[in-house]
Undergrad: 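Sending over a structure as structure tokens; questions will come in a sec.
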Number of protein chains: 2
Amino acid sequence: MPTTAPQDRIFQALADPSRRALFESLTRGEAAVNELTARFDISQPAVSQHLSALRGAGLVNRRRDGRHVYYRVEPSGIKPLIDWLAHYRAFWPQHVARLDQLLERMDK
Amino acid sequence: MPTTAPQDRIFQALADPSRRALFESLTRGEAAVNELTARFDISQPAVSQHLSALRGAGLVNRRRDGRHVYYRVEPSGIKPLIDWLAHYRAFWPQHVARLDQLLERMDK
DNA sequence: GCCATATATAAGCGATGACTTATGTATGGT
DNA sequence: ACCATACATAAGTCATCGCTTATATATGGC
């Protein structure tokens, strides 16, 4: 039954509260792993693993600068989520048009 | 770290592919547990457990009719998801206004 | 009341997940 | 070259998940 859908990794990535917190933190701006480790009460490897999951889901990017690796939100990453929501357009008929416009704009 | 957020149950509910498939199936229309069990290749208890999780997340309703229990999508259930998305408005500035309108309309 | 159907709950099991500590790999400074 | 810092990966542990089978709880028809 479970043929891996495109939403699979993103939903699973966001299912974990720590990961959502990390993501939330990154929306405040790019941050290196050591900064993130300082902000949260989990070990550095745990942070790296979470970031890896977020990256695998396409939700974040990374960039190396010297010894630091800076992570930042990948704006296009949440598109699968929007797509998934749009698929259930039938349940909010009035809003479909707006969602469609949103999707069009995100394509570019 | 993990103080149970409002998005918690909904993200976790949607993290499972079988559960998303069930939800998808319900968007085609209300269905009883035995129908859903027939559609998928998992046991009836598994279906009931998934439906319970979806219900716990506010994504579906149920209604009893005789011996059957019919489940249907709760349209307001995806609002937390929209809310969560809206929170990251900063990343798609052009779309914020539209998302806001969408949210306003869902409130009623 | 009795039996069949429909669903929910219980109990158990193997797989996966989220962490930990320990170690490996880059990079920079001296 | 050496050492410290920054990050990733490995390995192990404990909890949670998704499933199963077995059983309990409706409801309806006779």
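Just so it is clear: chains get the letters A, B, ... in the order the sequence lines come, proteins before strands, and each one is counted from 1.
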Undergrad: Could you tell me whether R20(B) and E24(B) have a side-chain N and a carboxylate O separated by less than 4.0 Å?
TA: no
Undergrad: Send over the distance from H68(A) NE2 to dA8(D) P, rounded to a whole Å.
TA: 12 Å
Undergrad: If you draw a 6.0 Å radius around CZ in R9(B), do more than 12 non-hydrogen atoms from other residues or ligands fall strictly inside?
TA: no
Undergrad: Are the side chains of L51(B) and L36(B) in touch, meaning some heavy atoms are under 4.5 Å apart?
TA: yes
Undergrad: Does OP1 or OP2 of dT20(C) have a side-chain N or O of S43(A) closer than 4.0 Å?
TA: yes
Undergrad: Can you tell me the distance, in whole Å, between the CG atom of L36(A) and the P atom of dA6(D)?
TA: 13 Å
Undergrad: Got a list of protein N/O to nucleotides 28-30 of chain D N/O distances below 3.5 Å?
TA:
none

Undergrad: Ignoring backbone atoms, test whether R19(B) places a side-chain nitrogen or oxygen under 4.0 Å from the OP1 or OP2 oxygen of dG18(D).
TA: yes
Undergrad: So which atom in L59(A) and which in F23(A) form the shortest heavy-atom distance, rounded to 0.1 Å?
TA: O-CE1, 3.6 Å
Undergrad: Output the single nucleotide from dA8(C), dA22(C), dC7(D) whose closest atom is nearest the side chain of P45(A).
TA: dA22(C)
Undergrad: Rounded to whole angstrom units, what separation is found between the CD atom of E35(B) and the P atom of dT5(C)?
TA: 17 Å
Undergrad: Separation of D16(B) atom CG from dT16(C) atom P, in whole Å?
TA: 13 Å
Undergrad: Which residues pass the salt bridge (Lys or Arg N to Asp or Glu O under 4.0 Å) test with R63(A), sequence neighbours left out?
TA: E30(A)
Undergrad: Can you tell me how far C1' of dT25(D) sits from CD of Q44(B), to the nearest Å?
TA: 12 Å
Undergrad: R55(B) CZ to dT7(C) C1': how many Å, rounded?
TA: 12 Å
Undergrad: Hey, are the side chains of S25(A) and F40(A) touching, using non-hydrogen atoms and a 4.5 Å cut-off?
TA: yes
Undergrad: Rounded to the Å, how far apart are D8(A) CG and dG17(C) P?
TA: 10 Å
Undergrad: Ignoring the backbone of R64(B), work out which of dA8(C), dC19(C), dT27(D) is nearest its side chain.
TA: dT27(D)
Undergrad: For a quick test of reading the model: is some side-chain N or O of N34(A) closer than 4.0 Å to OP1 or OP2 of dC7(D)?
TA: yes
Undergrad: Is Y71(B) close enough to dA6(C) that one of its side-chain N or O atoms is under 4.0 Å from OP1 or OP2 there?
TA: no
Undergrad: Within the pair S18(A) and dC19(C), is there a side-chain N or O less than 4.0 Å away from OP1 or OP2?
TA: yes
Undergrad: Between R64(B) and Y70(B), is any pair of side-chain heavy atoms under 4.5 Å apart?
TA: no
Undergrad: Of the nucleotides dT20(C), dT20(D), dA8(D), which has the atom closest to the R62(A) side chain?
TA: dA8(D)
Undergrad: How long is the line joining CD of Q49(B) and P of dT21(D), in whole Å?
TA: 12 Å
